[in-house]
Novice: 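Below you will find the structure I want to go over with you.
One-based numbering, in listed order, for ligands and for the atoms of each.
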Amino acid sequence: MDRIALAAPAKINWSLDVVGKRPDGYHLLATVMQAVSLSDRVDVELRPAAEGLSLACDVPGIPCDARNTCHRAAARFLSLAGPAGRTGVRVRIAKRIPEAAGLAGGSTDAAATLVALARLMPGAVSAADLAEIAVATGADVPFCLFGGTALCEGIGEILTPLPAWEGIPLLLLKPPFGVSTPAAFRALSLDALEDRPDTAAVCRAVAARDLAALDRAAGNVLWPVARDEHPALGAALEALRAAGSAVARLSGSGPTLFAAFADPDARDRAAASSVLDALRGAGWFLAPCATLAHGPQEVDA
Ligand code: ATP
């Protein structure tokens, strides 16, 4: 086998708390992440060594050099792979996940690249090395390697899998502007965090498959930062709540909002509501999808 195609799922954060800061400035998190069915497609192909590492992406603004997460992940993988690493690799990314959205688009592409390379070169890199490459590539990459539902701590590298909760109907709603994740974290005042979740209760609610309990326990300390910078997000969150969602929150550092519904009909009615229709008309991205119990998965090449 010399090529593989994977669907690389986006993630949402059921909750996100900041519990400290490392001396090097990285924030220590306690966040419950959830893979969702909105996915990029990542094709990875082994090529003659002379061709080196090359990347293509169907979205013009996304860099295809060493700034791309897939490039960084593949280069690290090849450098640790010994003789097997002396090969050319071509990565093609078809983006469906909006960028700079709080949906881990770049991280999941990198995770899919690593999963693909590990399958194309079995045994070339140990599981421990793969985990190290993942965290060195980006804080969300370790979660994206496995997907499903997990409590992620440290800077994202300490994963505790939670019981799978597949098929919860979701809407993702992203405004026509992005936010910078580093800037959102810089704006946080650790002494005065608002909207803190009860992370243990979020984990229990996930295990009990209880959306009402999840809604009571959830929170995202980055929400006040996003809402203050972009007041339109506050109105959009209220619209999602008024449209019948059971849980509606900011994903990661935003600006994407997600809403979870008790059943697909409730989700589809909300998507068709006049308020959300008006936002779509104003350039907001609205994606119906659902929770997933896995990470990158093979699709037809
Ligand atoms: P996270 O939720 O992990 O913080 P995000 O959704 O906020 O991620 P990304 O979609 O990963 O953000 O994009 C952040 C920036 O990274 C983009 O502006 C883009 O230029 C750059 N980037 C590098 N590689 C990729 C990639 N494979 N896909 C998307 N963006 C990428």
Side-chain angles (χ1 to χ4, degrees), residues 6-16 18 26-27 29 31-36 38-44 53-76 89-116 134-145 147 150 152 155-157 159 172-188 220-223 225-226 229-230 233 249-258 285 287 289 295-296:
L6 295 172
K11 63 83 182 151
I12 57 169
N13 303 73
W14 287 126
S15 68
L16 190 155
V18 170
Y26 278 99
H27 287 87
L29 304 179
T31 176
V32 177
M33 292 213 222
Q34 173 66 58
V36 305
L38 176 70
S39 301
D40 289 344
R41 176 187 162 117
V42 179
D43 285 76
V44 179
L53 174 58
S54 70
L55 218 90
C57 179
D58 63 353
V59 173
I62 293 182
C64 283
D65 53 18
R67 287 169 294 172
N68 194 293
T69 51
C70 297
H71 196 289
R72 293 206 305 273
R76 284 195 182 95
V89 171
R90 180 186 291 167
V91 181
R92 280 176 298 143
I93 311 165
K95 294 293 298 179
R96 300 292 170 270
I97 305 169
E99 60 181 293
L103 296 172
S107 300
T108 193
D109 295 347
T113 302
L114 292 174
V115 169
V135 72
T137 306
D140 292 342
V141 183
F143 168 76
C144 292
L145 276 182
C152 307
I155 60 165
E157 82 288 18
L159 301 181
L172 305 181
L173 180 64
K174 182 197 169 288
F177 48 79
V179 297
S180 152
T181 303
F185 276 98
R186 273 198 305 274
L188 266 190
N220 181 338
V221 293
L222 295 170
W223 169 241
V225 178
E229 196 182 333
H230 301 289
L233 287 173
R249 294 275 167 184
L250 181 77
S251 181
S253 55
T256 303
L257 304 170
F258 69 83
F285 166 89
C289 59

Novice: Is Ile93 close to Arg41 at the side-chain level, that is, under 4.5 Å between some pair of heavy atoms?
Specialist: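 Contact flag for Arg41/Ile93 side chains = no.
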Novice: Using heavy atoms and a 4.0 Å limit, tell me yes or no: is Ala100 in contact with ligand 1?
Specialist: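 Yes, Ala100 has a heavy atom closer than 4.0 Å to ligand 1.
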Novice: List ligand 1 atoms under 4.0 Å from Pro63, heavy atoms only on the residue side.
Specialist: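 Once the distances to Pro63 are compared, the set is 20 (O).
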Novice: Do ligand 1 and Ala104 have nitrogen or oxygen atoms that lie under 3.5 Å from each other?
Specialist: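 Yes, since at least one N or O of Ala104 sits under 3.5 Å from an N or O of ligand 1.
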Novice: Pull out every atom of ligand 1 sitting under 4.0 Å from any heavy atom of Asp109, numbered as shown with elements.
Specialist: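 In order of numbering, the contacting atoms are 26 (C), 27 (N), 28 (N).
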Novice: Does even one non-hydrogen atom of Gly252 get within less than 4.0 Å of ligand 1?
Specialist: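 It does not; every heavy atom stays at 4.0 Å or beyond.
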Novice: Is Ser253 in polar range of ligand 1, meaning some N or O pair under 3.5 Å apart?
Specialist: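 Among all N and O atoms of Ser253, none is under 3.5 Å from an N or O of ligand 1.
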Novice: Using a 4.0 Å cutoff against the non-hydrogen atoms of Asp140, which atoms of ligand 1 qualify?
Specialist: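 Checking each atom against Asp140, I get 1 (P), 2 (O), 3 (O).
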Novice: If you measure every N or O of Gly106 against every N or O of ligand 1, does any of those distances drop under 3.5 Å?
Specialist: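 N/O-N/O distance below 3.5 Å exists for this pair.
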Novice: Does an N or O anywhere in Leu103 fall below 3.5 Å from an N or O of ligand 1?
Specialist: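 Min N/O separation from ligand 1 is below 3.5 Å for Leu103.
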Novice: Between Arg92 and Asp58, is the closest basic N to carboxylate O distance under 4.0 Å?
Specialist: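 So Asp58 does not pair with Arg92 through a salt bridge.
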Novice: So if I count the atoms of ligand 1 from 1 in the order they appear, which ones are less than 4.0 Å from some heavy atom of Ser107?
Specialist: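 That gives atoms 3 (O) of ligand 1.
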Novice: Just jot down the ligand 1 atoms closer than 4.0 angstrom to any heavy atom of Ala101, in number order.
Specialist: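 Under 4.0 Å from Ala101, ligand 1 has these atoms: 5 (P), 6 (O), 7 (O).
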Novice: Is the closest heavy atom of Lys11 to ligand 1 under 4.0 Å?
Specialist: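 Judged by the 4.0 Å heavy-atom criterion, Lys11 does count as contacting ligand 1.
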Novice: Can you check whether Gly61 has an N/O within less than 3.5 Å of an N/O in ligand 1?
Specialist: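 Among all N and O atoms of Gly61, none is under 3.5 Å from an N or O of ligand 1.
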